[in-house]
Amino acid sequence: AQKITQTQPGMFVQEKEAVTLDCTYDTSDQSYGLFWYKQPSSGEMIFLIYQGSYDEQNATEGRYSLNFQKARKSANLVISASQLGDSAMYFCAMRERYGGSQGNLIFGKGTKLSVKP
Amino acid sequence: NAGVTQTPKFQVLKTGQSMTLQCAQDMNHNSMYWYRQDPGMGLRLIYYSASEGTTDKGEVPNGYNVSRLNKREFSLRLESAAPSQTSVYFCASSVDRGLYNEQFFGPGTRLTVL
């Protein structure tokens with residue numbers, strides 16, 4: 001079974017609107033971390049936001065927020081007020097403390113976001 | 001600080017040729033990683049090094065070897081390249097392997113094996 005599932009291969013959003021990118025995860029660990037990375041067309045991987053499994057509040061970083069629903073095992077990324085520069089691939093990733101991934105990051109397959117002017 | 005640097009940026013090999021991808025970081029990080037990225041597959045871990053002098057296999061290690069030369073440098077070697085190794089390769093580093101560990105990525109190496 002996939003550890004990280006991103007069900008939206010591609011999405012479109014109108015400039016200045018908000019968009020939610022879905023991510024569900026599978027782990028039996030109680031202690032884990034969730035990450036979102038952005039990969040623009042230039043290819044580099046840019047860290048956006050982190051959520052720990054014990055964090056009571058949803059993480060926020062500027063226009064990025066993470067909608068963390070632990071019981072549903074979902075960690076959706078919300079981008080507010082989309083900009084043209086947000087067009088990119090977005091990857092959700094997880095690190096488990098004790099799981100079979102040996103503490104390494106496990107990445108989803110990504111969602112390609114396109115922002116329309 | 002340059003962060004994580006990788007050389008070369010692009011490479012074309014013929015089947016059976018060998019090459020080494022170089023990676024260096026100047027952030028004094030203990031842990032370093034090599035990933036490959038294929039279309040529709042996300043990033044998959046090839047090898048990692050938790051600290052200087054140690055290396056371990058990741059999800060897809062077959063056909064690769066690594067060397068943690070020192071704390072700064074972590075190289076990936078393809079001894080006999082195959083077309084299936086055509087991919088984009090990323091090196092990354094992190095302070096350590098704690099739960100919250102932002103990984104910093106290099107710019108990637110685009111490798112084509114003919």
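Because the structure is a prediction, the values reported are computed rather than measured. Lettering follows sequence order; numbering is per chain, from 1.
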Counting heavy-atom pairs under 4.5 Å with chain A, which one of B:Gln103, B:Arg110, B:Arg44 comes out on top? B:Gln103

Against chain B, label A:Ser42 side chain, backbone, both or neither, depending on which of its atoms sit under 4.5 Å from a heavy atom there. neither

Please give me the minimum heavy-atom distance between A:Phe91 and B:Gln37, naming the atom from each residue. CZ-NE2, 3.2 Å

Kindly work out whether a path of hydrophobic side-chain contacts (I/L/V/M/F/W/Y, heavy atoms less than 4.5 Å apart) joins A:Leu66 to A:Tyr64. yes

Looking only at heavy atoms, which of residues 23-35 of chain B get nearer than 4.5 Å to chain A? B:Tyr33, B:Tyr35

Examine whether an atom of A:Gln6 lies under 4.5 Å from a heavy atom of chain B, and if so say whether it belongs to the side chain, the backbone or both; otherwise answer neither. neither

same_hphob_cluster(B:Tyr100, A:Tyr37) at 4.5 Å side-chain heavy-atom cutoff: yes

Any chance NZ of A:Lys112 has more than 12 other-residue heavy atoms, nucleotides or ligands included, within less than 6.0 Å? no

To the nearest 0.5 Å, atom CZ of A:Phe47 lies from atom CZ of B:Phe105 at 11.0 Å

Cluster check B:Leu43, B:Tyr64: I/L/V/M/F/W/Y, side chain < 4.5 angstrom: no

Decide if atom NZ of A:Lys16 counts as having more than 12 heavy atoms of other residues, nucleotides or ligands within a radius under 6.0 Å. no

With clusters defined by side-chain heavy atoms of hydrophobic residues (ILVMFWY) lying less than 4.5 Å apart, directly or transitively, does B:Val60 cluster with B:Tyr47? yes

Between A:Met45 and B:Phe90, what is the shortest heavy-atom contact and its length? CG-CE2, 4.4 Å

Find out if a path of hydrophobic residues (ILVMFWY) with successive side-chain heavy-atom gaps under 4.5 Å connects A:Phe107 to B:Ile46. no

